[in-house]
A.B. asks: 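First the structure, then my questions, so here it is.
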There are 2 protein chains.
Amino acid sequence: MPAELRPTQALRLWHDVTLDLVRDGEHDLSARQMAVLLTVYLEMPPHTVRGLAAKLGVTKPAITRALDTMGRLGLVSRHRDPKDRRNVVVQRTVAGALAVERLGDVVIARHRELPL
Amino acid sequence: MPAELRPTQALRLWHDVTLDLVRDGEHDLSARQMAVLLTVYLEMPPHTVRGLAAKLGVTKPAITRALDTMGRLGLVSRHRDPKDRRNVVVQRTVAGALAVERLGDVVIARHRELPL
DNA sequence: CCTAATCGTTTCGGAGCCGTTTTATTTAAC
DNA sequence: GTTAAATAAAACGGCTCCGAAACGATTAGG
């Protein structure tokens with residue numbers, strides 16, 4: 001566990017990273033889309049529409065639409081589960097992994113630059 | 001400066017806080033609105049529409065609309081600058097300060113719980 | 001004065017996301 | 001085999017946001 005963050009540092013970190021994301025503009029992901037993206041890339045697969053909806057506390061169509069958008073951006077891909085063809089499993093992509101990695105770099109850089 | 005964050009920790013932190021914001025649902029602020037809110041509450045006043053637009057790299061109408069929404073939520077207030085009545089200065093509110101403080105608490109809590 | 005520049009807002013057409021409801025496909029139950 | 005349950009997607013109406021352009025109000029320059 002890292003050293004405790006002070007309130008000013010925590011807010012400064014969130015501000016700086018958010019500002020970077022807004023300025024770069026590439027992402028343009030909503031909070032839900034960001035939550036879906038990071039869940040898919042950080043938590044253990046498999047990820048289904050239903051599971052993601054439950055985890056985020058939103059409806060399934062919201063997840064489907066988020067996956068539509070993110071699929072269009074190449075950040076994730078969808079495939080029918082061969083075992084149970086009702087399910088759709090969400091899978092990672094190279095572009096998605098790169099985007100997540102870049103986000104991690106931004107967070108680390110901004111965290112490193114936090115004032116004492 | 002806090003101890004260095006590892007990539008996994010940085011992404012886990014962003015994921016956990018984002019998930020909290022999505023699940024609570026209260027905020028529902030876009031990335032731009034979040035950037036405006038934190039800029040107003042963390043950086044030195046005065047804050048003008050033009051200055052915020054330049055800082056965030058977006059158009060002025062986008063800032064005006066963000067301030068409309070956030071004003072409706074009671075998170076900020078606007079007043080004409082008496083010195084130069086063309087300018088509008090964005091000011092803090094009690095509700096806005098509380099919302100920012102709660103966000104800081106979430107970031108701190110999630111940071112504290114990061115795995116080694 | 002009077003023109004030009006600055007500032008914030010409003011308007012406009014277009015695009016995206018929301019929740020609810022409906023549809024289609026697939027699996028489970030009996 | 002037929003019906004019921006589960007899953008994701010599509011359709012629908014409503015709401016918000018976007019950038020560009022046009023618009024008033026205010027100030028600065030000559």
Side-chain angles (χ1 to χ4, degrees), chain A residues 18-19 21-40 45-91 99, chain B residues 18-19 21-40 45-92:
Chain A
T18 301
L19 206 54
L21 295 181
V22 168
R23 278 200 280 232
D24 289 5
E26 296 185 38
H27 279 309
D28 203 16
L29 295 182
S30 71
R32 290 182 179 187
Q33 290 166 346
M34 179 66 77
V36 169
L37 181 69
L38 290 177
T39 298
V40 169
H47 301 286
T48 65
V49 172
R50 177 171 187 75
L52 290 168
K55 184 166 199 69
L56 272 67
V58 300
T59 60
K60 283 189 294 179
I63 300 296
T64 294
R65 282 186 298 260
L67 294 177
D68 289 342
T69 299
M70 294 163 64
R72 234 176 287 127
L73 298 175
L75 298 176
V76 297
S77 70
R78 277 181 286 192
H79 299 286
R80 285 279 167 194
D81 180 357
K83 307 288 183 182
D84 183 342
R85 295 185 48 76
R86 289 175 300 184
N87 290 331
V88 164
V89 294
V90 183
Q91 292 181 324
Chain B
T18 301
L19 207 54
L21 296 181
V22 168
R23 279 199 279 231
D24 289 4
E26 297 184 39
H27 280 307
D28 205 16
L29 295 183
S30 70
R32 291 182 179 188
Q33 292 166 345
M34 178 66 77
V36 169
L37 181 69
L38 291 177
T39 298
V40 168
H47 300 286
T48 65
V49 172
R50 179 171 187 73
L52 291 168
K55 185 167 197 65
L56 271 67
V58 301
T59 61
K60 284 188 294 179
I63 300 296
T64 293
R65 283 187 296 258
L67 294 176
D68 289 343
T69 300
M70 295 163 63
R72 232 177 287 128
L73 298 175
L75 299 176
V76 296
S77 69
R78 277 181 285 191
H79 300 288
R80 285 273 166 203
D81 181 356
K83 307 289 182 180
D84 183 342
R85 295 184 47 73
R86 288 173 301 183
N87 291 330
V88 163
V89 294
V90 183
Q91 292 181 324
R92 305 168 186 173

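Every chain is numbered from 1, with letters handed out A, B, ... down the list of sequences.
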A.B. asks: Determine the contact category for B/Ser30: base if any of its heavy atoms lies under 4.0 Å from a base atom, sugar-phosphate if only primed atoms, P, OP1 or OP2 are that close, otherwise nothing.
C.D. replies: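 Here B/Ser30 touches no strand at all.
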A.B. asks: How would you summarise protein contacts on nucleotides 6-14 of chain D per nucleotide, using B for base, S for sugar-phosphate only and - for none, with heavy-atom distances below 4.0 Å?
C.D. replies: BSBSBB---
A.B. asks: Specify the closest pair of heavy atoms between B/Pro46 and B/Val89, including all atoms of both residues, with the distance to one decimal.
C.D. replies: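 Shortest heavy-atom separation between B/Pro46 and B/Val89 comes out as CB-CG1, 4.3 Å.
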A.B. asks: Does B/Thr59 make a side-chain N or O approach to OP1 or OP2 of D/dA20 shorter than 4.0 Å?
C.D. replies: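 Checking D/dA20 against B/Thr59, no side-chain N or O comes under 4.0 Å of OP1 or OP2.
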A.B. asks: Does a nitrogen or oxygen in the side chain of B/Gln33 sit under 4.0 Å from OP1 or OP2 of D/dT16?
C.D. replies: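 B/Gln33 to D/dT16 OP1/OP2: no side-chain N or O under 4.0 Å.
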A.B. asks: For B/Thr18 versus A/Ala31, what's the shortest heavy-atom pair and its separation?
C.D. replies: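 Heavy-atom minimum between the residues: CG2-O, 3.5 Å.
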A.B. asks: Check side chain to side chain contact (heavy atoms under 4.5 Å, CB included) between B/Arg80 and all other residues, then give those that pass, not counting sequence neighbours.
C.D. replies: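 Applying side chain to side chain contact (heavy atoms under 4.5 Å, CB included) to B/Arg80 gives B/Arg85, B/Val88.
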A.B. asks: Tell me the closest heavy-atom pair linking A/Lys83 and A/Asp81, and the distance in Å.
C.D. replies: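 Smallest interatomic distance, heavy atoms only, reads N-OD1, 2.9 Å.
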A.B. asks: In whole angstrom, give the distance that lies between atom CZ of B/Arg32 and atom C1' of D/dC18.
C.D. replies: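 Spelled out: CZ on B/Arg32 to C1' on D/dC18 is 7 Å.
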A.B. asks: Can you pull the contact range of chain A along DNA chain C, 5' to 3', using atoms under 4.0 angstrom from its heavy atoms?
C.D. replies: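 Extent of the interface on DNA chain C: C/dC17 to C/dT27.
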A.B. asks: What are the two closest heavy atoms between B/Arg92 and B/Val40, and how far apart are they?
C.D. replies: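 Nearest pair, atom of B/Arg92 first, then B/Val40: NE-O, 2.9 Å.
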A.B. asks: In whole angstrom, what separates B/Met34's CE from D/dC17's P?
C.D. replies: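 Interatomic distance, CE of B/Met34 to P of D/dC17: 14 Å.
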A.B. asks: Any chance you could lay out the salt bridge (Lys or Arg N to Asp or Glu O under 4.0 Å) test for B/Arg86 and B/Asp84, step after step, and finish with the verdict?
C.D. replies: CA-CA 5 Å; B/Arg86 288 173 301 183; B/Asp84 183 342; 3.0 Å; yes
A.B. asks: To check you understand the geometry: which heavy-atom pair defines the closest contact between A/Leu56 and A/Thr39, and what is its length?
C.D. replies: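 So the minimum-distance heavy-atom pair works out to CD1-OG1, 4.4 Å.
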A.B. asks: State, to 0.1 Å, how close A/Val49 and A/Lys60 come at their nearest heavy-atom pair, and which atoms those are.
C.D. replies: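 Result for this residue pair: CG1-O, 3.9 Å.
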